[in-house]
Protein chains: 2
Amino acid sequence: MAVSHQLKEALDTLKETGVRITPQRHAILEYLINSMSHPTADDIYKALEGKFPNMSVATVYNNLRVFREVGLVKELTYGDSSSRFDFITTHHYHVICEKCGKIVDFHYPGLDEVEQLASHVTGFKVSHHRMEIYGTCPDCAIKEAH
Amino acid sequence: MAVSHQLKEALDTLKETGVRITPQRHAILEYLINSMSHPTADDIYKALEGKFPNMSVATVYNNLRVFREVGLVKELTYGDSSSRFDFITTHHYHVICEKCGKIVDFHYPGLDEVEQLASHVTGFKVSHHRMEIYGTCPDCAIKEAH
DNA sequence: TATTACTTTATAATGTTTATAATTAGTGTA
DNA sequence: TACACTAATTATAAACATTATAAAGTAATA
């Protein structure tokens, strides 16, 4: 299936970049790909506690940083205390529920004109942008109605 | 001038909302409006050290939260460790230099279509969105060239 | 196998932000 | 203006996420 294919591709990327594939890295990647959510470092740590009772939180953070540097993972910083991590697939944005924190992927063509205008007005050499959309998810909207 | 007018308006907002106007609050607001940068809580704390030698960091944080709740101030969370705070004027985005961290305001009409599409696709009741543009500022680009 | 470099672990340290309790100071009313 | 009430400030400690460090372990290479 598609998921294991993504994992294999990710492992290939690590190999090509000369990053060792350790059991911990394998498990973290696997969890990131399988979980359709956008977990925090602590989520990952807790989820893998069973498989790796001795794993250190530092290992999770270290490897998330490695994955980010290699371009496999994106770090999302919202208002709340901890970062969330997202396995990069295709270009998409996130829609975030302000009530329950749920994050839903939202595909949309890149906002190239915005980048171009920004570059023109500010003189910056623009590399990329980020955008998030906030609102209330259907579940919470229903709960609110009662 | 326009700045003191903004301050007066902000103080009026506080009055209307029943938020007491203390010297500390006055000073924090004034600093936020005058500083064309986007300071962290600690920046503000340090900047007002001279005027208020006994002010607590907690006061800065508390009041930034109050201002945010009242709608005077926006909290910006980027990848780095601490939040930045921005006095709300008109609707604009930020262009951020990845080398030196400089933040430049960038005016652009709201991305209404994006919100509408997101709402349609995900079923969310959308309230707002955020977007930042990343790149290299002219100063850093020159430094890099050498 | 020996060497080397990289990873993990355990732990401590850092830095930001929040909570608590006691003191102080604004604000509305007499 | 003075009083009483309530909110805000201060000082401090605590919580929390994240990073740094050093020692031990593991994989890769010759």
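These numbers were taken from a predicted model, which means no experiment stands behind them. To find a chain, count down the sequence lines: A is the first, B the second, and so on, and within it residues start at 1.
Going from atom CZ of A:Arg65 over to atom P of D:dT18 covers 13 Å, rounded to whole Å. Residue A:Tyr78 contributes atom OH, which lies 19 Å from atom P of C:dT17 at whole-angstrom precision. What separates CD1 of B:Ile28 from C1' of D:dA8 is a distance of 11 Å, to the nearest Å. Separating the CD1 atom of A:Ile21 from the C1' atom of C:dT8 is a distance of 17 Å, rounded to the nearest angstrom.
The listed nucleotides are D:dT12, D:dT18, C:dT17; the one nearest the side chain of B:Ser82 is C:dT17. Among the nucleotides C:dT17, D:dT18, D:dT10, the one closest to any side-chain atom of A:Ser83 is D:dT18. Considering only the side chain of B:Asn62, D:dT9 comes nearest among C:dT17, D:dT9, C:dT8.
Cluster partners of A:Ile142: none. The rule joins Ile, Leu, Val, Met, Phe, Trp and Tyr whenever side-chain heavy atoms lie under 4.5 Å apart, and it links nothing here.
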Are any protein N/O atoms closer than 3.5 Å to N/O atoms in nucleotides 3-7 of chain C? If there are, list each pair with its distance.
from	atom 1	to	atom 2	distance (Å)
C:dC6	O4'	A:Arg20	NH2	3.3
C:dC6	O2	A:Arg20	NH1	3.3
C:dT7	OP1	A:Arg25	NH1	3.0
C:dT7	O5'	A:Arg25	NH1	3.3
C:dT7	O5'	A:Arg25	NH2	3.3

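Annotation: of the two residues near DNA chain C, B:Glu75 and B:Pro23, the 5′-most nearest-nucleotide partner is B:Glu75.
Residues B:Ser35 and B:Pro39 approach most closely at OG-CD, 3.9 Å, considering heavy atoms.
Heavy atoms of other residues, nucleotides or ligands lying less than 6.0 angstrom from NZ of B:Lys51 number 12 at most.
For residues 102-112 of chain A, the set of pairs meeting the salt bridge (Lys or Arg N to Asp or Glu O under 4.0 Å) definition, not counting sequence neighbours, comprises A:Lys102-A:Asp139.
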Kindly list each side-chain donor-acceptor pair under 3.5 angstrom involving residues 12-21 of chain A, sequence neighbours excluded, with atom names and distances?
from	atom 1	to	atom 2	distance (Å)
A:Thr13	OG1	A:Glu9	O	3.0
A:Thr17	OG1	A:Thr13	O	2.4

TODO: Begin with the C-alpha distance, continue with both residues' side-chain angles, and end with the deciding distance and a verdict on side chain to side chain donor-acceptor pair (under 3.5 Å) for B:Thr59 and B:Asn62.
DONE: CA-CA 5 Å; B:Thr59 300; B:Asn62 285 339; 5.5 Å; no

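Test B:Arg130, B:Glu132, B:His38 against B:His94 for side chain to side chain donor-acceptor pair (under 3.5 Å) and you get one pass: B:His38.
Taking 4.0 angstrom as the limit, A:Tyr61 places a side-chain polar atom (N or O) nearer than this to OP1 or OP2 of D:dT18.
Of the residues in residues 42-55 of chain B, those with a non-hydrogen atom less than 4.0 angstrom from any atom of DNA chain D are B:Asn54, B:Met55.
Among residues two or more places apart in sequence or in another chain, the side chain to side chain contact (heavy atoms under 4.5 Å, CB included) test is passed with B:Ser119 by B:Val126.
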